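Structure record follows, encoded as C-alpha cells.
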Protein chains: 2
Amino acid sequence: MKTAARKFKDTVYAELSKTAKALGNPHRMEIIDLLAQGPFTVETIARYTGMTIANTSQHLQVLKNAQLVAISRKGNYIYYQLTGENVYAAWTSLRELGMAHNTAVKKAIDHYRKGYHNGDAVTAEELLDKVQAGDVIVLDVRPEDEYHRGHIHRAISIPLDQLQERIRELSKKQEIVAYCRGSLCMLVEEAVTLLTQQGYKARKFDDGYKDWALRGYPTAMTM
Amino acid sequence: MKTAARKFKDTVYAELSKTAKALGNPHRMEIIDLLAQGPFTVETIARYTGMTIANTSQHLQVLKNAQLVAISRKGNYIYYQLTGENVYAAWTSLRELGMAHNTAVKKAIDHYRKGYHNGDAVTAEELLDKVQAGDVIVLDVRPEDEYHRGHIHRAISIPLDQLQERIRELSKKQEIVAYCRGSLCMLVEEAVTLLTQQGYKARKFDDGYKDWALRGYPTAMTM
DNA sequence: CAACCATTCAATAAAATTCTTGAATAGTTG
DNA sequence: CAACTATTCAAGAATTTTATTGAATGGTTG
C-alpha cells in the first residue's frame with residue numbers, strides 16, 4: 001500500500017521522465033537541434049535527417065505530445081518549431097553533459113574535425129570585436145532561408161553548396177570568419193577548408209548562430 | 001550509401017541520446033534527484049525509491065554506464081554519487097522544462113501542496129537576509145546524515161520523523177523557516193503543518209539545500 | 001582464509017519503442 | 001466543391017527496456 005507521498009512522487013517523476021524520454025532518441029535529438037534554427041516542414045526535416053516522411057512525422061508527434069515542439073500552418077505546409085527557449089536550454093545542457101562525459105562523442109568530433117586541418121576556432125568575444133571593428137568578412141554558410149530568419153550582424157550569406165561558384169564574391173585580402181549552426185554543424189569545416197585551399201584567409205566560428213544570439217550579441221534578419 | 005557527414009551525425013546523436021535515455025526513466029530520475037544530496041548506498045536508494053535491491057542496482061548500472069554516477073567503496077558498502085555538477089544541472093533543466101510545459105506535473109504539485117495549507121514560501125534572498133540578521137530559526141528536516149554532509153549556515157537539524165517528540169527544542173516566539181531537499185521534496189510541507197498546528201510561527205523554504213548551495217549562499221557541514 | 005554481506009549478474013516474461021508499408025485525413029487551391 | 005498534396009494514422013514485425021527471481025560474485029572482517 002502506497003503512501004500519498006509515494007504516489008505524488010511516482011506521478012511527478014513519471015511525468016518528468018516523459019520529457020527526457022522524448023529527448024532520448026537520436027533522431028529526435030537531431031530534430032531538436034535542427035529546430036533550434038527555426039521552423040521547418042516535415043518534409044525538410046525528413047530530408048535533413050535522412051528519415052522517411054512517415055517516420056519523421058511519428059517522431060514529431062512524440063515531441064509534440066511532450067510539448068517540446070508546436071506547429072503552425074503556412075499555406076499548404078505545417079511548420080514545426082520549438083515551444084520555447086527552455087527546450088533549447090535543456091537540449092544544450094544534455095549536449096554539454098554528453099560531450100563532457102561521453103568519450104565516444106568526443107572521439108567522433110575530434111576525429112571528424114581532424115579530417116579537416118583548419119586552425120583554431122574564433123571565440124565569440126573575438127568575433128564580436130572583429131565585427132564591431134568592421135575588419136572581417138563574416139560568412140554564413142547555412143541554407144539561405146536560415147540566414148534570412150536570423151544571422152550575425154553584417155554577415156553575408158553564401159550557402160555551402162554555392163560557395164565554389166560564388167567564391168569570387170569574397171576578397172583574398174580580408175580575413176573571413178565562417179559559421180553555421182553550432183558545435184555539431186560541420187558545414188563550416190568544409191567551407192573553411194575550401195576557402196583556405198584557394199588562398200583565402202579563412203577561420204571558423206563554431207558556436208554557430210544560435211549561441212551567438214543567446215549571448216545577446218548583435219544579429220539581423222532579412223525581409 | 002551514407003556520407004561521412006551523415007555517419008558522423010549518426011554517431012554523435014546516438015551517443016548523446018544515450019545520456020538522455022539514461023535520464024528518461026522515472027526511477028532513474030528519482031535516483032538522480034536523491035544523489036544530488038550526496039552519496040548513498042544501493043540499499044538506501046532502494047528503500048528511498050521503493051524498489052527492490054536488484055532492480056535498483058540494475059538502474060544504477062544504467063546510470064553508471066552513461067557516466068552519470070560513479071561509485072566509491074567505504075567499508076562493506078558501495079556509495080553511489082553523481083559524477084559532477086553538470087549532471088545536476090542537466091537534471092535541473094529537464095525538471096524546469098517539465099514543470100514549465102507539463103500540466104500533469106504542475107497539477108500534481110499544486111494538488112499536493114494544496115493538501116497542506118501552508119502560506120507562501122520564503123525566497124532564497126529573503127531567507128539569506130533573515131539568516132544574516134539572525135532573527136530566524138532555520139530548520140533542516142532531512143535525515144540527519146544529509147544534514148551532516150551539508151546544510152544552510154546556522155540551521156539546526158530535526159529530521160521530520162523526530163519533529164513531534166523534539167518540538168519543545170524550538171521556540172514559539174521566533175520565526176521558524178523549514179527546508180528539505182528541493183522543489184520536489186515534500187517533507188517541508190509536513191513539517192510546517194505540524195509546527196503551525198501546534199502554535200509555532202513556521203514558514204517553508206522550498207528550493208531546498210542544493211539550490212541554496214549552488215547560489216553560493218553560506219553553508220556549513222558537521223564532522 | 002573462512003564466513004559474511006552488500007551488491008551484481010543471468011534468465012525470463014511482460015511491456016514499450018521503433019521502423020516500414022500503405023491507406024486515410026484534412027487543408028488548400030483552382 | 002473537386003482535385004491535390006502534405007501530413008498523419010494504423011497494423012505488424014523486430015528490437016529494446018523493464019521488473020522479478022534466485023543464484024553468483026567479490027571485497028571485508030574476524
Side-chain angles (χ1 to χ4, degrees), chain A residues 2 6 9-10 13-32 34-35 39-81 145, chain B residues 2 6 9-10 13-32 34-35 39-81 145:
Chain A
K2 287 183 180 178
R6 185 71 255 159
K9 283 188 190 172
D10 283 351
Y13 288 112
E15 288 299 326
L16 286 178
S17 75
K18 282 184 193 168
T19 305
K21 211 172 279 184
L23 286 167
N25 172 284
H27 292 313
R28 293 198 289 268
M29 285 224 146
E30 187 172 7
I31 292 175
I32 295 284
L34 175 61
L35 293 186
F40 290 92
T41 65
V42 178
E43 200 262 328
T44 312
I45 299 169
R47 186 154 30 80
Y48 182 79
T49 56
M51 289 191 284
T52 64
I53 304 257
N55 198 16
T56 304
S57 173
Q58 220 163 277
H59 282 297
L60 285 167
Q61 295 313 306
V62 174
L63 291 172
K64 205 172 86 176
N65 288 337
Q67 306 260 60
L68 299 178
V69 308
I71 66 173
S72 60
R73 305 194 88 102
K74 230 175 222 167
N76 231 331
Y77 293 86
I78 292 176
Y79 284 81
Y80 279 85
Q81 57 198 297
D145 60 320
Chain B
K2 287 182 179 178
R6 185 70 258 160
K9 282 188 190 170
D10 284 351
Y13 288 112
E15 288 299 327
L16 286 177
S17 75
K18 281 184 194 168
T19 305
K21 210 173 278 182
L23 286 166
N25 171 284
H27 292 313
R28 292 198 290 266
M29 286 225 144
E30 187 172 8
I31 291 174
I32 295 284
L34 176 61
L35 292 187
F40 290 92
T41 65
V42 177
E43 199 264 329
T44 313
I45 299 169
R47 187 156 29 77
Y48 181 80
T49 57
M51 289 191 284
T52 64
I53 303 256
N55 197 17
T56 304
S57 174
Q58 222 164 276
H59 282 297
L60 285 168
Q61 295 313 306
V62 174
L63 291 171
K64 206 173 83 177
N65 289 336
Q67 304 262 59
L68 299 179
V69 307
I71 65 173
S72 60
R73 307 193 88 103
K74 231 174 220 167
N76 232 329
Y77 294 85
I78 291 175
Y79 283 81
Y80 279 85
Q81 56 198 295
D145 60 321

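Chain naming here is simple, since letters A, B, ... match the order of the sequence lines and numbering starts at 1 in each. As the structure is a computational prediction, the values presented were derived from the model and not from experiment.
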Q: Go through the steps for B:V62 and B:Q58 under the test side-chain contact (heavy atoms from CB on, under 4.5 Å), then give the verdict.
A: CA-CA 7 Å; B:V62 174; B:Q58 222 164 276; 5.9 Å; no

Q: Would you kindly give the OH-to-P distance between B:Y77 and D:dT25, to the nearest whole Å?
A: 23 Å

Q) When the distance from CG of A:N65 to C1' of C:dT17 is rounded to whole Å, what number comes out? A) 14 Å

Q: Looking only at side-chain atoms of A:S57, point me to the closest of D:dT7, D:dT28, C:dT7.
A: D:dT7

Q. What are the two closest non-hydrogen atoms of B:A66 and B:A22, and how far apart are they?
A. CB-CB, 3.5 Å

Q.
If you assign A:G24 and B:Y80 each to the DNA chain C nucleotide with the nearest heavy atom, which residue ends up on the more 5' nucleotide?
A. B:Y80

Q | d(CD1, B:I78; P, D:dT28) in whole Å | A | 9 Å

Q: Map A:H27 and A:G75 onto DNA chain C by nearest heavy atom, then report which one ends up closer to the 5' terminus.
A: A:H27

Q | Spacing of A:Y79 atom OH relative to C:dT28 atom P, expressed in whole Å | A | 13 Å

Q. At under 4.0 Å between heavy atoms, what does B:L60 touch on the DNA or RNA strands: base, sugar-phosphate, or nothing?
A. nothing

Q | Residue B:A54, side-chain heavy atoms: nucleotide from C:dC9, D:dA19, D:dT8 that is nearest | A | C:dC9

Q.
Can you identify which nucleotide, out of D:dT7, C:dT20, D:dA19, has its nearest atom closest to the B:N55 side chain?
A. D:dA19

Q.
Pair A:R6, A:D10 - check side-chain contact (heavy atoms from CB on, under 4.5 Å), show working.
A. CA-CA 6 Å; A:R6 185 71 255 159; A:D10 283 351; 3.2 Å; yes

Q) In whole angstrom, what separates A:N76's CG from C:dT29's P? A) 6 Å

Q: Could you tell me whether the side chain of B:L60 reaches within less than 4.5 Å of the side chain of B:I71, counting heavy atoms only?
A: no

(Q) Using whole Å, what does the distance between atom P of nucleotide C:dT8 and atom CD of B:Q58 come to? (A) 11 Å

Q: Report yes if a side-chain nitrogen or oxygen of B:N25 is closer than 4.0 Å to either non-bridging phosphate oxygen (OP1 or OP2) of D:dT18; otherwise report no.
A: yes

(Q) Rounding to an integer number of Å, can you tell me how far B:K21 NZ sits from D:dT16 P? (A) 9 Å

**Q.** Side-chain N or O of A:H59 closer than 4.0 Å to phosphate OP1/OP2 of C:dT17
**A.** no

Q) Contact class for A:Q61 vs. all strands (heavy atom < 4.0 Å): base, sugar-phosphate, or nothing? A) sugar-phosphate

Q) Quick one: A:M51 CE to C:dT18 P, roughly how many Å, whole number? A) 11 Å

Q. Given C:dT7, is OP1 or OP2 found less than 4.0 Å from the side-chain N or O atoms of B:R73?
A. no

**Q.** Min side-chain heavy-atom separation B:K64-B:V69 under 4.5 Å
**A.** yes

